[in-house]
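Keep in mind the model is a prediction, meaning the values are calculated, not measured. Below, read A as the first sequence line, B as the second, and so on, with proteins coming before strands; counting in each chain starts at 1. Just so it is clear, the values below take in all heavy atoms, side chains as well, and ignore hydrogens, waters and symmetry mates.
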Amino acid sequence: MSLIEFSQTLYDSELGTALRESVYMFPIIEGLHLIGLAVSVGLLFFVDLRLLGLFLPQLPVAQVLHPLRPWLLGGFMLTFATGILLFIAAASKIITLPVFFYKLGFIALAGLNALWFELKWGRDVDAWGAGPALPATVRLAGFTSLTLWSLTVIAGRLIPYLSYQ
Amino acid sequence: MTALETFKTLQSSDFGRFLGGLDHLLCAVMELGHIAGMILLLASVLLTSLNLLGLGLRNVPLAQIERSTARLFWTGLALLVVSGLLIFIPAATSYYPNDFFWAKFVLLGLALLVYLTLYRRVAAAESRGALLAKTTGGLVLSLWIGVAFAGRFIGFF
């Protein structure tokens with residue numbers, strides 16, 4: 001089954017049809033996608049600013065990173081789950097848009113950046129993260145995260161614009 | 001002048017017609033400004049509200065959280081107001097019959113009122129974890145999330 005056929009199957013599925021035809025479900029899911037975005041990307045923004053030395057610079061990185069992690073991940077799960085539902089509701093239209101694949105690409109790169117940061121730096125955060133000035137590669141990881149998530153949001157917002165043209 | 005007359009005047013003004021004539025991708029840019037403002041504002045509110053509830057960055061004094069998020073909060077609000085006006089003016093009359101549009105501004109008024117009164121007082125008192133602090137944290141967060149939800153609903157009705 002090709003990607004186009006698969007997206008058409010999702011679009012025609014009971015769930016896809018129900019999401020499209022319901023008066024309240026679609027706006028509620030959109031609203032939750034937005035709240036999830038503010039929680040995940042919004043809080044990650046503060047972590048990234050800490051890595052850049054621009055937010056609470058006197059506070060050790062671990063004391064910003066660790067307490068916010070469950071909220072961040074919860075926000076990402078909400079955004080991801082609602083994103084899948086939004087995709088199912090309009091799958092056959094969205095799959096034809098290059099901007100959708102750009103968005104997925106940016107998310108994948110942001111994920112790789114976070115994974116690399118976690119494996120390379122996250123484990124011994126107490127060893128390097130106490131002072132305000134952090135290693136250059138850590139600052140680069142923070143800047144990369146900020147850039148990639150901004151690009152993800154921009155690409156995401158363009159999806160409805162380009163699909164109704 | 002009634003609200004509807006004001007909306008009509010705004011929309012048919014030179015500026016309103018100028019905005020209405022812009023390419024629709026520029027509207028996407030304004031909406032992106034609105035989303036960026038929303039992320040800055042909601043994340044700042046979330047961080048401070050969680051602190052009041054004794055969650056999130058709970059080891060950091062509230063006053064310090066307040067100081068370090070205040071600039072992002074006001075930057076976010078300024079971005080929201082400017083982009084919001086640019087989105088609203090060229091289509092002002094179409095928002096008039098929309099219930100969610102009015103609900104949004106009732107919630108926004110309440111959110112700002114609580115933020116500038118009760119919240120300020122609780123934040124100054126440094127009484128985190130107390131019932132009043134927790135109630136205020138929950139109230140502030142719910143109201144701002146309500147504003148965002150009502151705002152997202154406008155476009156669907």
Which region of [X], side chain (C-beta onward) or backbone (N, CA, C, O), has a non-hydrogen atom less than 4.5 Å from a non-hydrogen atom of chain B, or is it both or neither?
X	answer
A:Leu158	side chain
A:Leu32	both
A:Ile154	both
A:Leu34	both

If you tally heavy-atom pairs under 4.5 Å against chain A, which of B:Leu55, B:Leu32, B:Leu42 wins?
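Of the options given, most contacts go to B:Leu32.
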Could you verify whether a donor N or O on one side chain and an acceptor N or O on the other, from A:Asp48 and A:Ser145, lie under 3.5 Å apart?
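Yes - a donor-acceptor pair under 3.5 Å links their side chains.
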Counting only N and O atoms by type, is there a donor-acceptor contact under 3.5 Å from the side chain of A:Trp128 to the main-chain atoms of A:Trp121?
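At least one qualifying donor-acceptor pair exists.
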Residue B:Leu41 versus chain A: region with a heavy atom under 4.5 Å
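Answer is neither: B:Leu41 stays 4.5 Å or more from chain A.
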Which region of B:Leu46, side chain (C-beta onward) or backbone (N, CA, C, O), has a non-hydrogen atom less than 4.5 Å from a non-hydrogen atom of chain A, or is it both or neither?
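For B:Leu46, the side chain is the part near chain A, not the backbone.
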Would you please indicate yes or no on a ring centroid separation below 6.0 angstrom for [Y] and [X]?
X	Y	answer
B:Tyr115	B:Tyr119	yes
A:Trp149	A:Phe76	yes
B:Phe156	A:Tyr24	no

Six-ring centre of B:Phe100, B:Arg152 cation under 6.0 angstrom, axis tolerance 45°
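Relative to the ring axis of B:Phe100, which defines the angle, B:Arg152 lies outside at least one limit.
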Quick check for you: among A:Ile28, A:Leu59, A:Val41, A:Val64, which has the greatest number of heavy-atom pairs under 4.5 Å with chain B?
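Looking at each option in turn, the highest pair count goes to A:Ile28.
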